[in-house]
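First comes the structure, then the notes that go with it.
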Protein chains: 2
Amino acid sequence: MISEEEMQIWHIWKSSYKNIFGRVVKDMSEQTGLSEGDFGILDRLDLYGKGKLRQQELAVSMDWTKSRLSHHLTRMEKRGLVSREPLETERGVQVIITSFGKTTLDDARPVVSMAIRKHFLDFLTEQDIESITKLAERTKTNSSSPCKNSPS
Amino acid sequence: MISEEEMQIWHIWKSSYKNIFGRVVKDMSEQTGLSEGDFGILDRLDLYGKGKLRQQELAVSMDWTKSRLSHHLTRMEKRGLVSREPLETERGVQVIITSFGKTTLDDARPVVSMAIRKHFLDFLTEQDIESITKLAERTKTNSSSPCKNSPS
DNA sequence: TCGATTAGGTTGACATGTCAACCATAAATA
DNA sequence: TATTTATGGTTGACATGTCAACCTAATCGA
C-alpha cells in the first residue's frame, strides 16, 4: 500500500517528535516536578483566567475529556497546586490556582522556556517553521461542525 | 525567555503531531483491535525475525525499557498474539508470533498503511519531507556514548 | 407542566507507562 | 577460585489515560 520510503518518513517523523518532546518533558519534570499536563493547566489558569477558570473551559482549552481533566485535577488538588469550588451564579466548578501552584508555575516558566529553546527552537530553520505551520494548517480539524447551527 | 511566536510554534508543532498521530492510531485500533505498540511488536517479529526475536532485541528495536516490554508482552500473551519461551543456547527469552498474531498482523497492515497515507502522507509536500528528515538528523541522539570504550 | 434531552462533573474499572527493587545467570577481575 | 559486576528479565506500586455508567441541574418541546 505504501512504499518503504514513505513508511520511513512516518517512522522518522514519529521518533523525531518523541525524542524532542521527551527531552523537553524530562527537563521540565526533573527540574520543576511538574508534568506537561500540570504545567498546561497552571499556565492556562494563570494566563487566560487570572488564576481561575471554569472546569469546562479548561477542558476545551486543554483539548482533554472532562473525565481526564477531573481525574487530573483531583490529583493536583491533593498536591496543593489547585483548588476547586462550585460556581455561585450557575452550576459548574471553578478551578483556582493556589498560591503554592502560582509560585511553582512562576519557577517553572523559565525552565520550560529554556528546555523548549534548547531541544527544539535551536534546531529549527526558517524552512522548518514554515513547514510546521503549513502542515498544521493543512491537517487542522475540519471544524465545519456538523450542522450545530445550520438552518435545518 | 522565549517569544510569543516561538511558543506558538511549539504549541502548533505539538498539537499537529497529536492530531495526526491520534487519527492514525484511532483508525488502527478501531479497525484492527491493535494498539500502536501491539502493531510495532508484531511487525518487528514478522519482518526482522521471521516470526521470532529475542526479547532484548525487541526492546532495543522498539526503544522501550525492558520493564515496559515485559508488561506489554504479558498482556499480548494473554490475548494470544505472541508466546514466550526460554532460549536454548543462552539465557534470555524468545518472543514468538502466534498464528493468530500473524493473521491479525496481516489483516492490519493494509489498514495501517491506508491510515498513514490518509492522515499523514497525503498532506506532505516535498518541502515537508525534506524538513522532517533534516530536523530528525539534526536532533538525533548524540550517540557518541559517554566513554563506554574510552581508553581510561 | 411534565417528560425528554443536554450540559457539567464524578466515579470505577481497566489499559498503559514508569520506577525501583529484585532475581538469576554470565562474565570479568582480584 | 571467590567476589564483583553486567546482562536479561520479572514484579509490584503507583501515575496517567480511556471508557462507560452514573448523577444532578438546566433547558427544550409538546
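Lettering follows sequence order; numbering is per chain, from 1. Both backbone and side-chain heavy atoms feed into the values below; hydrogens, waters and symmetry mates do not.
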- Salt bridge check: are A:Lys102 and A:Asp106 linked by an N-O gap of less than 4.0 Å? yes
- NA contact type, A:Thr65, heavy-atom cut-off 4.0 Å: base, sugar-phosphate, or nothing? nothing
- Between its two end axes (five pairs each) the helix from C:dT1-D:dA30 to C:dA30-D:dT1 turns, nearest 10 degrees, through 10°
- For B:Glu90, answer base if it contacts any base atom (sugar-phosphate contacts may also be present), sugar-phosphate if it contacts only those atoms, and nothing otherwise; contact means non-hydrogen atoms under 4.0 Å. nothing
- Query: Would you say the base of D:dT16 and the side-chain of A:Ser35 have a donor-acceptor pair closer than 3.5 Å?
  - Reply: no
- The nucleotide from C:dT18, C:dA13, D:dG9 with an atom nearest the side chain of A:His71 is C:dA13
- To the nearest angstrom, how far is A:Trp64 atom CH2 from D:dG17 atom C1'? 9 Å
- Message: Rounding to an integer number of Å, can you tell me how far A:Lys78 NZ sits from C:dT10 C1'?
- Response: 13 Å
- Task: Select base, sugar-phosphate, or nothing to describe what A:Arg54 touches, counting heavy atoms under 4.0 Å on all strands.
- Result: sugar-phosphate
- Message: Rounding to an integer number of Å, can you tell me how far A:His72 NE2 sits from D:dC19 P?
- Response: 18 Å
- Distance in angstrom units between A:Arg68 CZ and C:dT16 P, rounded: 16 Å
- Salt bridge between A:Arg138 and B:Asp128, side-chain N to carboxylate O under 4.0 Å? yes
- Item | Integer-rounded Å distance: C:dG8 P and A:Leu53 CG | 14 Å
- Query: Does A:Asp38 pair with A:Arg79 as a salt bridge, N-O distance under 4.0 Å?
  - Reply: yes
- Query: Taking for each residue the nucleotide of DNA chain D bearing the nearest heavy atom, is the 5' side occupied by A:Asp38 or by A:Thr89?
  - Reply: A:Asp38
- Query: Side chain of B:Ser70: nearest nucleotide among D:dC19, C:dC19, D:dT10?
  - Reply: D:dT10
- Round to the nearest Å and state the distance from B:Glu88 atom CD to D:dG8 atom P. 18 Å
- Among C:dT10, C:dT16, D:dG9, the one nearest any side-chain atom of B:Val93 is D:dG9
- Identify the residue among B:Phe123, B:Phe21, B:Tyr17 that makes a ring-ring contact (aromatic ring centres under 6.0 Å, His included) with A:Trp13. B:Tyr17
- Item | Between C:dG8 (C1') and A:Gln55 (CD): distance, integer Å | 8 Å
- Query: With respect to the phosphate group of C:dG8, does any side-chain polar atom (N or O) of A:Gln56 fall under 4.0 Å of OP1 or OP2?
  - Reply: yes
- Message: Quick one, A:Met7 and B:Ile116 - any side-chain contact, counting heavy atoms below 4.5 Å?
- Response: yes
- For A:Lys66 and for B:Arg75, find the nucleotide of DNA chain C with the closest heavy atom, then tell me which residue's nucleotide is more 5'. A:Lys66
- Note on the structure: Residues passing the salt bridge (Lys or Arg N to Asp or Glu O under 4.0 Å) test with A:Arg91, sequence neighbours excluded, are none
- Is there side-chain contact between B:Asp46 and B:Arg109, with at least one heavy-atom pair below 4.5 Å? yes
- C:dG8 phosphate, OP1 or OP2, under 4.0 Å from A:Arg91 side-chain N/O: no
- Answer with yes or no whether B:Ser67 presents, from its side chain, a donor or acceptor under 3.5 Å of a partner atom in the base of D:dT10. no
- Task: Round to a whole Å and report the spacing from CG of A:Leu87 to P of D:dT24.
- Result: 19 Å
- Message: Between A:Thr103 and A:Phe100 (side chain of the first, backbone of the second, donor and acceptor by atom type, cut-off under 3.5 Å), is there such a pair?
- Response: yes
- Query: Counting only side-chain N and O atoms of A:Arg84, is one of them less than 4.0 Å from OP1 or OP2 of C:dG9?
  - Reply: no
